[in-house]
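Some notes on the structure that comes next.
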Amino acid sequence: MFFPAEASPSKRADDPLALDTFVCEVVAMMRMVTPPLAPFVDRLPLPSRLIATEHDGQLTVRIRAGEHRFHRDLPASSIWGFEGTVPGPLIEAERGQPVTVEWRNELEGPFPVSDTVAPQPTDADGVPVQCLPGLSGGEPERHTAGLTGHTVVHLHGGLTPASYDGWAENIFAPGQPAVFHYPMDQRAALLWYHDHVMGITKFDVYAGLAGLWIVREDRERDLGLPEGPPFEVPLLIQDRNFDVDEQGRLTGRLVHKTDPEVMEAFAPFTVVNGKVWPVLDVQPATYRLRVLNGSNARTYRLVLLGDGAPELERITQIGTDHGLLRTPVPVPADGLLLASAERADLLVDFSDLAPGSELTVLNTAAAPFDGSSFPVADAENAADLESLLPYPQVLRFRVVGEAKVRRPIPRELVTDYELPAAEALARARRRAIALVEHERADEPSMLTMRELAVATDADGGPRVSVIDGGETTRYRVVAAHFEDMTTFFPMLGEYEVWQLINLTGDTHPIHLHLDPFQILARHPIRYEIPEDGIGDRDLAATITLGRDPDDELDHAIDENERGLKDTIRVNPNEIVEIAVRFTTFSGRYMYHCHILEHEDRDMMRPFVTMAPELMPFMA
Ligand SMILES: [Cu+2]
């Protein structure tokens, strides 16, 4: 039985009103604990493989409408997908061997997702509407229904020339040709490709426009790491919701639902490689799992349980966003955190397990995610409606067969990166970006980035003051919205330090296009924003380095974050410092929050990478 922590009967017994509320909550929970779909009955599907070297590096991927069954007991859903499938094909490339993809847009309407804003955040029983299927009284948004299939493809994690990076405004209507060249001059890693259209990425990705892309190289083969089936398994994790008919039966139609209090869509059903709560038969052996969180907004904290007890020690993490870590690391003690767009390369040891053994992956992360922890020992009780986590189930492994193949895990994986030297950082250009939520009357908040520049005494207007011990730095806002003037012109080959200052209550996964970066620090902060301190362009705030006494987050850097990252979680009450260096391509790129509802509502900004020789000619 899952009781929400605050609904314990003992707290309420002497207060009849509270007892009423408690009974309601229990009734609501009872309704929720039996999922409307049976978990762990569908086999985990594996995406079809498209191996670039088998096609001389020349690929054609059709982008088209299709039908997809998310669960054996659901009717087929209409989707938009690469090759008409969910997820799209798994593209496999070799380091140093360029790949050309003709992204052939053959989309046709109608748009396959019902988008709605429910009129109330909870239903009559007090259940948050985002935990429930159906439109919850919301009207289908007509502008979304009218989408006709404009798209542009971004290869997330790709070191791609700007012309082929999928700039959000350079879009292709159905029938318009898009041939993109990917040099693949980059480390082996799990990348992913997805739609990136300005303002509607949240709908197009939700409709199905996402797929995995693996870059391979001999260095990994030399380490004896599993490659391909059956021992290497890609896992694309997303959350989805579906409509219901008048009898309350699930229809299979995809629903993107937000509500007046939560502008992100957190859907109740977890889908892995396109199936709700699937099961994978595994041999007693070591498996390599290539995991991506491809959800719009949901963060997962993945926990592995056998017989109800955590078995995280079976998992060794060997890689992150841009490939292998220097050495293998255990996953964090309370589970593997993956915010939207983060990846993990995992070795999981099933070799000592008897046939018939089962291990279950659960999610313990609340939504919206704010960095809060959840005890791993309590993972079976993670279901919590208020946390928009009605069903923690993700995936089950079932052991079959007798063969035992345990692979030794190399103690050293790679040596091709290290933290930049202190002297390079000391002379590095520093940039500061505040993440703010601008509340608006009668419409959803705008999540924005405020690019900051050090203010001089002559500058008027509001200020952002950052107090570090006895030293105060004062900033002014130089850019607020996506279409504002570009202010970041990093020079190729030179390190910069970017400070991401979170002045909101949520964790934001911040993604930089092009080269990977490394995390340097997470500094706890406390801050004050005066009333009306967040205007359309302005920002006034006083930020003090040091922990707020009420702040329960540890602001630690996890071991698995010390690799080459392209997406980093910036928690509430913290400044994340990253070392950024662009190395290859000059051009206009973007950085943004990877919560798609945030990215589409202005949490995105451009930067232009510059060849140093051209700088003298910049006006
Ligand atoms: Cu965000």
Side-chain angles (χ1 to χ4, degrees), residues 113 115 117 141 143-144 147 150-158 160 165-171 191-210 238-239 256 258 262-267 292-299 321 338-343 367-369 433-438 440 443-451 479-484 486 488 498 500 502-514 517 565-570 576 578 588-607:
V113 179
D115 167 43
V117 184
E141 294 284 326
H143 293 303
T144 317
L147 291 171
H150 292 88
T151 189
V152 63
V153 183
H154 168 58
L155 177 58
H156 181 125
T160 308
D165 194 52
W167 181 261
E169 291 165 313
N170 294 349
I171 57 181
L191 318 182
W192 63 303
Y193 57 98
H194 62 80
D195 175 277
H196 208 316
V197 173
M198 195 73 181
I200 60 164
T201 298
K202 59 181 179 282
F203 299 130
D204 283 352
V205 170
Y206 198 88
L209 292 174
Q238 298 175 308
D239 55 348
H256 178 277
T258 58
V262 183
M263 57 86 79
E264 307 87 4
F266 296 105
L292 160 73
N293 178 359
S295 301
N296 278 30
R298 187 179 290 278
T299 294
D321 302 349
L338 290 177
S340 182
E342 286 190 294
R343 285 93 77 201
F369 186 66
I433 303 120
L435 314 177
V436 299
E437 179 163 356
H438 181 205
R440 317 267 288 215
E443 57 176 313
S445 297
M446 272 185 114
L447 280 300
T448 68
M449 318 255 229
R450 299 292 165 87
E451 292 175 358
H481 300 298
F482 181 77
E483 303 293 356
D484 286 356
T486 303
F488 286 10
W498 292 21
L500 303 159
N502 191 348
L503 304 180
T504 79
D506 295 336
T507 297
H508 300 273
I510 300 297
H511 168 50
L512 273 59
H513 286 212
L514 203 56
F517 54 78
K565 295 281 290 170
D566 61 36
T567 306
I568 192 79
R569 295 184 304 274
V570 185
V576 169
I578 55 174
R588 185 168 291 268
Y589 293 90
M590 296 178 284
Y591 72 100
H592 56 88
C593 178
H594 219 288
I595 292 176
L596 302 185
E597 286 81 5
H598 294 185
E599 157 186 350
D600 281 342
R601 196 151 163 77
D602 217 33
M603 210 167 201
M604 181 155 82
R605 283 284 301 157
F607 62 87

[X] side chain to [Y] main-chain N or O, any donor-acceptor pair under 3.5 Å?
X	Y	value
N170	V152	no
S340	H594	yes
R601	P444	yes
R605	M603	no

Partner residues of E599 under the side chain to side chain donor-acceptor pair (under 3.5 Å) criterion, sequence neighbours left out | H196, H592
How long is the gap from [atom1] on [X] to [atom2] on [Y], to the nearest 0.5 Å?
X	Y	atom1	atom2	value
L435	L503	CG	CG	7.0 Å
I578	F517	CD1	CZ	4.5 Å
E342	D321	CD	CG	6.0 Å
M590	L512	CE	CG	11.5 Å
H513	H154	NE2	NE2	3.5 Å
M263	D600	CE	CG	9.0 Å

Say whether N293 and S295, considering side chains only, have a donor N or O and an acceptor N or O under 3.5 Å apart.
-> yes
For residues T486 and R588, is any side-chain donor paired with an opposing acceptor at under 3.5 Å?
-> yes
Hey, what's the ring geometry for H194 with H156, parallel, tilted or perpendicular (30° and 60° as the breaks)?
-> tilted
Using the ring of each side chain (for Trp, its six-membered ring), is W167 parallel, tilted or perpendicular to F482, with breaks at 30° and 60°?
-> tilted
What are the two closest non-hydrogen atoms of [X] and [Y], and how far apart are they?
X	Y	result
C593	H598	SG-ND1, 3.8 Å
N502	T507	ND2-CA, 4.4 Å
D195	I200	OD1-O, 4.4 Å
L191	G157	CD2-O, 3.6 Å
I595	A297	CG2-CB, 3.7 Å
F266	A367	CD2-CB, 3.5 Å

How about Y591 and W498: are their ring centres within less than 6.0 Å of each other?
-> yes
Decide yes or no on salt bridge (charged side-chain N to carboxylate O under 4.0 Å, His left out) for E264 and R298, but give the supporting numbers first.
-> CA-CA 9 Å; E264 307 87 4; R298 187 179 290 278; over 6 Å; no
List the steps, then state whether side-chain contact (heavy atoms from CB on, under 4.5 Å) holds for H438 with D602.
-> CA-CA 10 Å; H438 181 205; D602 217 33; over 6 Å; no
Please examine the side chains of H508 and L500, heavy atoms only from C-beta on, and report whether any two atoms are closer than 4.5 Å.
-> no
Tell me, with the steps shown, if M198 and I171 meet side-chain contact (heavy atoms from CB on, under 4.5 Å).
-> CA-CA 9 Å; M198 195 73 181; I171 57 181; over 6 Å; no
Residues in side chain to side chain contact (heavy atoms under 4.5 Å, CB included) with H256, at least two apart?
-> V113, D115, K202, F203, Y206, T258, A265, N296, E597
